[in-house]
Amino acid sequence: MSYINAESVLPKEMIKEIQKYVNGVNLYIPKLPETNSICSSYKLELYRRNQEIYKRFLQGEKVSKLAEKYYLSDKSVYRILGEMKKK
């Protein structure tokens with residue numbers, strides 16, 4: 001990890017305010033979470049799939065058929081159904 005001098009990237013007023021809390025120490029500032037990342041879009045896709053599985057189950061479709069349709073094991077379908085029931 002490399003360090004950047006705050007004076008080269010932050011306004012002087014902000015540096016003075018930060019110095020009131022942590023004067024002369026190294027400070028880590030984490031990145032903002034990326035909301036449009038591949039990971040979050042994949043999670044959304046899985047959530048929608050799981051919603052569809054739950055909906056089909058409530059409509060009477062058998063677990064074994066759902067597992068076959070979505071290429072999952074019966075155990076995975078039961079896990080999804082349990083998670084979706086909690087929501």
Side-chain angles (χ1 to χ4, degrees):
M1 179 183 344
S2 62
Y3 294 96
I4 299 173
N5 188 329
E7 291 175 341
S8 65
V9 293
L10 298 175
K12 290 181 183 182
E13 300 83 26
M14 187 177 291
I15 294 172
K16 287 180 181 180
E17 191 64 29
I18 293 170
Q19 285 172 329
K20 292 178 183 177
Y21 299 94
V22 287
N23 191 18
V25 299
N26 292 330
L27 179 65
Y28 171 75
I29 301 174
K31 289 195 291 186
L32 290 173
E34 297 178 25
T35 57
N36 294 331
S37 69
I38 293 171
C39 182
S40 65
S41 64
Y42 180 67
K43 285 181 180 181
L44 179 60
E45 188 178 327
L46 285 179
Y47 181 75
R48 287 181 178 156
R49 180 205 65 182
N50 294 349
Q51 280 182 316
E52 187 176 327
I53 289 171
Y54 188 61
K55 178 181 154 194
R56 288 174 176 264
F57 176 76
L58 292 177
Q59 292 172 345
E61 201 161 331
K62 304 267 185 217
V63 169
S64 58
K65 293 292 181 190
L66 291 167
E68 185 179 322
K69 178 176 175 52
Y70 293 97
Y71 303 99
L72 298 168
S73 67
D74 289 2
K75 185 176 180 180
S76 292
V77 173
Y78 281 117
R79 179 186 47 77
I80 290 167
L81 294 174
E83 288 173 2
M84 296 306 291
K85 186 177 181 179
K86 291 177 187 176
K87 295 184 181 200

Donor-acceptor pairs under 3.5 angstrom involving side-chain atoms of residues 65-73: please list them, not counting sequence neighbours.
unit_1 : atom_1 : unit_2 : atom_2 : d
Y70    : OH     : E52    : OE2    : 2.6
Y70    : OH     : R56    : NE     : 3.2
S73    : OG     : S76    : N      : 3.1
S73    : OG     : S76    : OG     : 3.1

When hydrophobic residues are tied together by side-chain contacts of less than 4.5 Å, even through go-betweens, does L44 share a cluster with I53? no
Rounded distance [0.5 Å steps], CD in E45 versus CG in N50: 10.5 Å
Who are the side-chain contact (heavy atoms from CB on, under 4.5 Å) partners of E7, not counting sequence neighbours? N5, I15
For Y54, I'd like to know if atom OH has over 12 heavy atoms of other residues, nucleotides or ligands within 6.0 Å. yes
Output all residues satisfying side-chain contact (heavy atoms from CB on, under 4.5 Å) with I18, sequence neighbours left out; order by chain, then residue number. L10, M14, V22, L27
Side-chain heavy atoms nearer than 4.5 Å, only ILVMFWY residues, links allowed to pass through others: does that put I80 and Y47 together? yes
Report whether L58 and V63 are members of the same hydrophobic cluster (ILVMFWY, side-chain heavy atoms less than 4.5 Å apart, transitive linking). yes
Sequence neighbours excluded - salt bridge (charged side-chain N to carboxylate O under 4.0 Å, His left out) pairs with any residue from residues 11-20: E17-K20
Pairs satisfying salt bridge (charged side-chain N to carboxylate O under 4.0 Å, His left out), at least one member in residues 73-82, at least two apart: R79-E83
